[in-house]
Participant: 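Below you'll find the structure I mean.
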2 protein chains.
Amino acid sequence: MYSMTTSAVPAPRGPVTRKDVARFAGVSTAVVSYVVNGGPKKVAPATEAKVQDAIRVLGYRPNAAARALKLGSSETLGLIVPDISNPFFSLFSHAVEDAAAALGYALVLSNSDGNLAKERRNVRNLAARQVDGVLLASVLFEPDLEALETADIPSVLLNQERDAPGFNSIGVDLAAGARIAVEHLIGHGHTNIGLAMGTNVSGSTDGREVGWREALQAAGLPEGPISYSAFTRPGGYVAGQRLLASVNRPTAIFATSDMQGIGLLRAIHEAGLSVPGDIAVASFDGSADSEYSWPPLTTVEQPVAAMAEAAVAALVGASRGEKPRHRIFPTKLHIRQSCGCP
Amino acid sequence: MYSMTTSAVPAPRGPVTRKDVARFAGVSTAVVSYVVNGGPKKVAPATEAKVQDAIRVLGYRPNAAARALKLGSSETLGLIVPDISNPFFSLFSHAVEDAAAALGYALVLSNSDGNLAKERRNVRNLAARQVDGVLLASVLFEPDLEALETADIPSVLLNQERDAPGFNSIGVDLAAGARIAVEHLIGHGHTNIGLAMGTNVSGSTDGREVGWREALQAAGLPEGPISYSAFTRPGGYVAGQRLLASVNRPTAIFATSDMQGIGLLRAIHEAGLSVPGDIAVASFDGSADSEYSWPPLTTVEQPVAAMAEAAVAALVGASRGEKPRHRIFPTKLHIRQSCGCP
DNA sequence: ACCGGATGTTGACTCGAGTAGATACCGGTG
DNA sequence: CACCGGTATCTACTCGAGTCAACATCCGGT
């Protein structure tokens, strides 16, 4: 019976449109729309059934481009991250995708590869694609707002410590997070605590550096050595080598990302030293990698899922006219073994 | 001067369209299209300049939805992965995004979370969004092709060892990869080599298990213990615990993913054993994590960038009518220290 | 002076879906 | 029987950009 019905229909060349469905069901195209969208006008149950059948038989699938054109919304969000293969961002992306999907939005992903020009290009590209909002994890500590402004699209700045007036932004309290980590190291009796500080392309000071300094000052301790390098595994590795070679070698090091922490561990292991015996380590982010390094890293965890949800919510809120705001999330110290705890 | 020009223009409410540009430049809308797309008809240099100015002044940005509707192509590809926060897939995604962007395509990302129903839903969702092609890294070893068939969209199956007639597919030679890794372990003198085998929701045998077995047979060695568990860090961890507890404890273990390898390392470290001294390890994938574990993992590297490029190329090829094909890529053993090499 | 051809520009139609406004049809009342 | 109110349906316009056929315009050559 199914096949009889199908064989009676000339195989439509190309994609099936609303018109084909209408013709097949013997109704007008408007009715098909009403059925598909459940409105804005009611359809008689008998007619609805006919249309549903036609849709099923023909395999009709509404054209999203046409829909987006008419409605001015693509039900799509854009996400720009420096590098999706960085575990922190991939974790974040997953959370964002979940949050977006829950609201019926698809997620367009693009990498800026630590390149400001590429970041700008991506913003423009997403804008041209009529995404309903952009989530931007900028390469810069203080992002380039001009591209976003001219793009004139709801946006959220991610990983953003400072308030950017007129923009939605989401971040964690970096200084507070760094402080609890460093305080914890101090609690283990360390008095010479180094810092492996990640750098971005902009030159402004990061909250994690501030927090490290604050914790030391509050405890009346001198500042340990600092090494600036990329937020990556290799970055942490070279920072580790430099810190180990410094004249007053620290007995504990705070790394500003888990990736750096992992690179650091490697440098320490290679030097034949043990963690936490010779050198204690704490890091920042709370990604899965930190749990399975050796030894497992004590790390400052960011509430990634909550931040992703808030970011997506801010975006859909913005399209409803809500005004932008800056949200700061608290971090949580995740104690494992690299700090010296059993 | 800039501001003078701008102030002469009434701030356009809502987005600027081609019509606004045409009016401002004193030309027809067709010319604006010609300028924007560089064709299909030529435009006089003077006219072109006027239009370019108008575009700049008004901040015109062609509406991608309208373009997609007219051209029947959204210049968008869809990527479905089990979990973007798995480093292998995030690496892959990055490569896919690069390859897609190089050809002017945007990438819509979705996670299936190891859930077949969600995978199907994602396929349908992407199809409705008129993506020009779908890259599917299925949850299953042998993917569910029905959803893709009815979606009637160019597609590529990723991570696909076997040929699926009528479909593009891309994969590595899993058996060969596993064989070189196990052969390498044998070369270190090991005679009892265990296997930490990852599992998917389908039950069919994976090429990596085949390769492990083949290498042992070829060397005239008995099969070591096997532990089946997830392809994840925790999966490798429990596999490690089980293998260490087995009656004939292996002196070397081959893990079928880097994530498992890392979990395995943790289990071994926790047992107070050393790698590679007490137990040698080799794994599969070649993700960045394997380089920075302790000790660094000897791993079978997949040519991720090449595969991603081939996958994207197959997709755009398919939209040009090329026939589907199955491509198998070779792997390369990346020797580091976990196997016993210095 | 006239024509052929190149060159530049334009009006108008198209893609597929959303929906306002018009229309058709029904049963029920006065 | 005329009329009303409500419901179900249809017609036709719209969104913004691509592009083709038609229409100038101009130049060089007879």
Side-chain angles (χ1 to χ4, degrees), chain A residues 12-52 54-55 58-76 127-132 152-153, chain B residues 12-52 54-55 58-76 104 127-132 152:
Chain A
R13 61 172 125 279
V16 183
T17 74
R18 185 179 63 163
K19 213 158 155 186
D20 301 321
V21 176
R23 184 160 27 226
F24 185 86
V27 298
S28 76
T29 59
V31 180
V32 178
S33 271
Y34 297 152
V35 169
V36 169
N37 306 333
K41 305 234 172 131
K42 290 212 279 310
V43 174
T47 317
E48 159 139 22
K50 274 193 303 182
V51 174
Q52 293 286 17
I55 289 177
L58 300 179
Y60 169 68
R61 204 170 282 304
N63 182 316
R67 198 187 158 87
L69 171 58
K70 191 77 236 277
L71 299 181
S73 152
S74 55
E75 311 261 89
T76 298
R129 283 172 187 279
Q130 315 295 118
V131 298
D132 296 336
D152 190 34
I153 285 190
Chain B
R13 62 172 123 278
V16 183
T17 75
R18 186 178 63 162
K19 212 158 153 185
D20 301 321
V21 175
R23 185 162 25 230
F24 185 88
V27 299
S28 77
T29 59
V31 181
V32 178
S33 271
Y34 297 152
V35 169
V36 169
N37 305 333
K41 302 247 171 108
K42 292 217 266 337
V43 174
T47 317
E48 159 139 21
K50 273 193 303 181
V51 173
Q52 292 287 18
I55 289 177
L58 299 180
Y60 168 68
R61 205 168 283 304
N63 182 317
R67 197 188 159 88
L69 171 58
K70 191 79 237 275
L71 299 181
S73 151
S74 56
E75 312 261 88
T76 298
R129 284 173 185 278
Q130 313 294 118
V131 298
D132 296 336
D152 189 35

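Here is the naming used below: chain letters follow the sequence lines, and residue numbers restart at 1 for every chain. These numbers were taken from a predicted model, which means no experiment stands behind them.
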Participant: To the side chain of Pro62(B), which of dC15(D), dG18(D), dA17(D) is closest?
Facilitator: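 When the side chain of Pro62(B) is considered, dA17(D) is the closest of dC15(D), dG18(D), dA17(D).
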Participant: Taking the minimum atom-to-atom distance to the side chain of Asn37(A), which one of dG18(C), dA22(D), dT19(D) wins?
Facilitator: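 For Asn37(A), the side-chain atoms sit closest to dG18(C).
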Participant: If you measure only the distance, is there a donor-acceptor pair under 3.5 Å linking the side chains of Asn37(A) and Arg67(A)?
Facilitator: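 There is such a pair between these side chains.
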Participant: Locate the shortest heavy-atom distance separating Ala128(B) from Ala64(A); write the atom from each residue and the value.
Facilitator: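 Nearest pair, atom of Ala128(B) first, then Ala64(A): O-CB, 3.1 Å.
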Participant: Is it the case that the side chain of Arg129(A) and the backbone of Ser74(B) share a donor-acceptor pair, with hydrogens and angles ignored and the cut-off at 3.5 Å?
Facilitator: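 The answer is yes, because a donor-acceptor pair under 3.5 Å joins these two groups.
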Participant: Answer yes or no: does a side-chain N or O of Arg67(A) lie under 4.0 Å from OP1 or OP2 of dG16(C)?
Facilitator: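 Answer no for this pair, as no side-chain N or O of Arg67(A) is under 4.0 Å from OP1 or OP2.
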Participant: Hey, does Val27(B) have a side-chain heavy atom less than 4.5 Å from the side chain of Lys50(B)?
Facilitator: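 Answer yes - side chains close enough.
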Participant: Can you tell me how far C1' of dA17(D) sits from CZ of Arg61(B), to the nearest Å?
Facilitator: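 Result: 16 Å.
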Participant: Just how far is it from atom CZ of Arg23(A) to atom OG1 of Thr17(A), taken to the nearest 0.5 Å?
Facilitator: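 Arg23(A) atom CZ to Thr17(A) atom OG1 measures 7.5 Å (nearest 0.5 Å).
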Participant: Considering the terminal five base pairs at each end of the helix from dA1(C)-dT30(D) to dG30(C)-dC1(D), what angle separates the two local helix axes, rounded to 10°?
Facilitator: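 For the helix from dA1(C)-dT30(D) to dG30(C)-dC1(D), the axes at either end differ by 80°.
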Participant: With sugar-phosphate meaning primed atoms plus P, OP1 and OP2, does Val31(B) contact a base, only sugar-phosphate, or nothing at under 4.0 Å between heavy atoms?
Facilitator: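 Base contact - Val31(B) has a heavy atom under 4.0 Å of at least one base atom.
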Participant: Can you tell me how far apart CG (Leu58(A)) and CZ (Arg18(A)) are? Round to the nearest 0.5 Å.
Facilitator: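 Going from CG on Leu58(A) over to CZ on Arg18(A), the span is 14.5 Å.
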Participant: Examine distances only and state if a side-chain atom of Asp132(B) and a backbone atom of Glu75(B) form a donor-acceptor pair shorter than 3.5 Å.
Facilitator: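 Checked: pair present.
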Participant: Can you tell me how far P of dG16(D) sits from CZ of Arg129(A), to the nearest Å?
Facilitator: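 For the pair Arg129(A) CZ and dG16(D) P, the rounded distance is 19 Å.
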Participant: Specify the separation, in whole Å, of atom CD of Gln130(A) and atom C1' of dC15(D).
Facilitator: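 Roughly 11 Å, once rounded to whole Å.
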Participant: Going from NZ on Lys70(B) to OG on Ser33(B), what distance comes out if it is rounded to the nearest 0.5 angstrom?
Facilitator: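 These two atoms lie 10.0 Å from each other.
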Participant: Identify whether any heavy atom of Ser33(A) sits under 4.0 Å from a base atom; if not, whether one sits that close to sugar-phosphate; answer base, sugar-phosphate or nothing.
Facilitator: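 Result for Ser33(A) = base.
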Participant: What is the nucleic acid contact for Val27(B), judged by heavy atoms within less than 4.0 Å: base, sugar-phosphate only, or nothing?
Facilitator: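 Sugar-phosphate contact only.
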Participant: If we only count heavy atoms from C-beta on, is the Val51(B) to Tyr34(B) side-chain gap below 4.5 Å?
Facilitator: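 No, side chains not in contact.
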Participant: Please give, in whole Å, the distance from dT19(D) P to Leu69(B) CG?
Facilitator: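 These atoms are roughly 13 Å apart.
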Participant: Which atoms of nucleotides 11-14 of chain C (N or O only) lie under 3.5 Å from a protein N or O atom, and what are those distances?
Facilitator:
unit_1, atom_1, unit_2, atom_2, d
dT14(C), O2, Lys70(B), NZ, 3.2

Participant: Can you tell if the side chain of Ile55(A) reaches within under 4.5 Å of the side chain of Val36(A), non-hydrogen atoms only?
Facilitator: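 SC-SC contact between Ile55(A) and Val36(A) confirmed.
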Participant: Of all the choices, dT9(C), dA17(C), dC15(D), which nucleotide is nearest to the side chain of Asn63(A) once you look at every atom?
Facilitator: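 Shortest atom-to-atom distance from the side chain points to dA17(C).
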Participant: Categorize Val43(A) for me: base, sugar-phosphate, or nothing, with a 4.0 angstrom heavy-atom threshold over every strand shown.
Facilitator: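 Sugar-phosphate: the residue Val43(A), judged by heavy atoms under 4.0 Å, touches backbone atoms but no base.
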Participant: Check the distance between dT9(C)'s C1' and Lys42(B)'s NZ and give it to me in whole angstrom.
Facilitator: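 The answer, rounded to whole Å, is 13 Å.
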Participant: For a quick check of understanding: with a heavy-atom distance under 4.0 Å over all strands, which category does Val32(A) fall into, base, sugar-phosphate or nothing?
Facilitator: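 Nothing, no nucleic acid heavy atom in range.
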Participant: Figure out the NZ/P separation between Lys41(A) and dT19(C), and round it to whole Å.
Facilitator: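 It is 11 Å, rounded to the nearest whole Å.
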Participant: Grab the CG-C1' distance between Leu71(B) and dG16(D) for me, whole Å please.
Facilitator: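 After rounding, the gap between these two atoms is 12 Å.
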